[in-house]
Amino acid sequence: MKTIASPNPWQQALGQRLAQAMTTSRLAHAPQTDATAPATTHWRLWPRDLPGEGVAPALTEMLGVASTPALLQQCLQHFRQQFGGGAAQDDLGLALAAYLGACRQAFDQEPLTPQRWQAIVQWLRAWVLDELPWDDVPLAQRQDAFERMAVLAVALGEWTVQASRQGQAMVASATWMARSSLRGQLGLDLPALCAVLRGLDSTTAANPSASGEDLGAAAASRPGAKPV
């Protein structure tokens with residue numbers, strides 16, 4: 001059943017491409033990419049004054065309680081400062097990587113370190129970016145996808161931080177949120193996604209991880225960052 005919280009057509013195509021990449025990337029070598037190259041202009045978006053109308057329902061659907069305009073703005077501001085580095089333009093690739101990492105963190109209860117986050121960014125560049133339908137896609141659909149991914153990443157990351165301090169029942173709630181949100185927004189299976197993302201850990205094994213106190217996408221988005 002389609003609701004206002006449901007993803008737009010371009011975000012649905014993004015989910016389908018991610019599902020394909022989750023299978024293909026486990027069976028073949030990654031295409032050659034330049035790890036130092038800046039993000040393509042397709043991923044970069046000028047911020048809107050107000051989030052799209054589907055962002056609040058998507059957050060409400062995940063949390064199970066009504067979201068507020070203030071909460072949306074807080075999550076977006078936090079993402080732009082901590083993940084986006086205060087850049088003038090939003091970056092959909094960074095937001096998507098943070099959201100996928102936050103889902104894994106809620107399932108595995110392991111920190112989304114800066115190294116893990118960057119590994120997901122590079123995986124997206126290698127397997128997802130060039131295969132997406134960009135021609136004639138309304139800018140508003142990409143902006144909506146960025147806002148959803150950014151808000152959900154921060155909110156889920158913070159919920160997981162708090163849940164880790166309140167016992168197994170709350171940890172289970174974080175996992176349920178990740179599972180239902182990932183299925184609803186991108187049509188992906190949480191255990192299958194986590195299996196792929198764990199495979200990226202070999203690229204970050206030489207780098208130190210965040211401590212247990214830094215558990216959470218919001219907390220571990222960059223060295224020294226603090227939770228929301």
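Remember, predicted model here, so these are calculated numbers, not experimental data.
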Check your understanding: Going through the checks in order, is the side-chain contact (heavy atoms from CB on, under 4.5 Å) test met by L156 and S181?
Key -> CA-CA 10 Å; L156 180 58; S181 175; 5.9 Å; no

Exercise for review: Decide side-chain contact (heavy atoms from CB on, under 4.5 Å) for V171 and T160; before the verdict, give the C-alpha distance in whole Å, the side-chain angles of both, and the deciding distance to 0.1 Å.
Suggested key: CA-CA 7 Å; V171 169; T160 303; over 6 Å; no

Check your understanding: Does the ring-ring contact (aromatic ring centres under 6.0 Å, His included) test come out yes or no for F79 and F146, once each step is laid out?
Key -> CA-CA 11 Å; F79 181 89; F146 164 80; 5.7 Å; yes

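A side-chain donor-acceptor contact under 3.5 Å links S67 to the backbone of A56. Between the side chain of R80 and the main chain of A88, no donor-acceptor pair closer than 3.5 Å is present. No donor-acceptor pair closer than 3.5 Å links the side chain of T24 to the backbone N or O of A21. Proximity of a side-chain donor or acceptor of W117 to a complementary backbone N or O of L94 within less than 3.5 Å is detected. Listed for the Q141 side chain is a donor-acceptor partner under 3.5 Å among the backbone atoms of W10. In terms of modelled atom types and a separation under 3.5 Å, the side chain of Q143 and the main chain of W46 share a donor-acceptor contact. When atom types are taken as modelled, the side chain of Y99 and the backbone of V154 share no donor-acceptor pair closer than 3.5 angstrom. Under a 3.5 Å cut-off, the side chain of T60 and the backbone N or O of P57 do not form any donor-acceptor pair.
Shown here are the salt bridge (Lys or Arg N to Asp or Glu O under 4.0 Å) partners of D189, two or more places apart in sequence or in another chain: R183. For R179, the salt bridge (Lys or Arg N to Asp or Glu O under 4.0 Å) criterion is met by no residue, not counting sequence neighbours. Applying the side chain to side chain contact (heavy atoms under 4.5 Å, CB included) criterion to A195, with sequence neighbours excluded, gives R26, R198.
From W127, atom CH2 reaches atom CZ of R17 across 8.0 Å, with rounding to the nearest 0.5 Å. Distance check: T175 OG1 to M170 CE gives 11.5 Å after rounding to the nearest 0.5 Å. Here Q82 contributes atom CD and Q77 contributes atom CD; the two are 10.0 Å apart, rounded to the nearest 0.5 Å. Distance check, rounded to the nearest 0.5 Å: CG of L100 to CE of M22 gives 9.0 Å. The distance from atom CZ of R142 to atom CG of D90, rounded to the nearest 0.5 Å, is 12.0 Å.
The shortest non-hydrogen separation linking R48 to G52 is NH2-N, 3.3 Å. The two residues Q185 and A58 make their nearest non-hydrogen contact at NE2-CB, 3.6 Å. Closest approach of R148 to S6, counting heavy atoms only: NH2-O, 3.0 Å. Considering every non-hydrogen atom in both A119 and L200, the closest pair reads O-CD1, 3.9 Å. Across all non-hydrogen atoms, the minimal contact from A95 to A150 is CB-N, 4.0 Å. Taking all atoms of both residues into account, the shortest heavy-atom contact from S164 to Q109 is CB-OE1, 3.8 Å.
Side-chain contact between L76 and P51 is present, with at least one heavy-atom pair separated by less than 4.5 Å. Two residues are said to be in side-chain contact when any heavy atoms from C-beta on lie closer than 4.5 Å; L186 and P7 fail this criterion. L59 has its side chain within reach of L63: a pair of non-hydrogen atoms, C-beta onward, lies under 4.5 Å apart.
By the rule that hydrophobic residues join a cluster once side-chain heavy atoms approach within less than 4.5 Å of another member, L50 and V151 end up as members of separate clusters.
Of the candidates I120, V121, L18, L96 forms a side-chain contact (heavy atoms from CB on, under 4.5 Å) with just one, namely L18.
The closest side-chain donor-acceptor pair between E158 and Q162 falls under 3.5 angstrom. Under the 3.5 Å distance criterion, with hydrogens and angles disregarded, no donor-acceptor pair is assigned to the side chains of E110 and Q105.
With respect to R104 and D201, a salt bridge is recorded, a charged nitrogen being found less than 4.0 Å from a carboxylate O.
Annotation for W159: atom CH2 does not count as buried by contact number, only 12 or fewer foreign heavy atoms lying within 6.0 Å.
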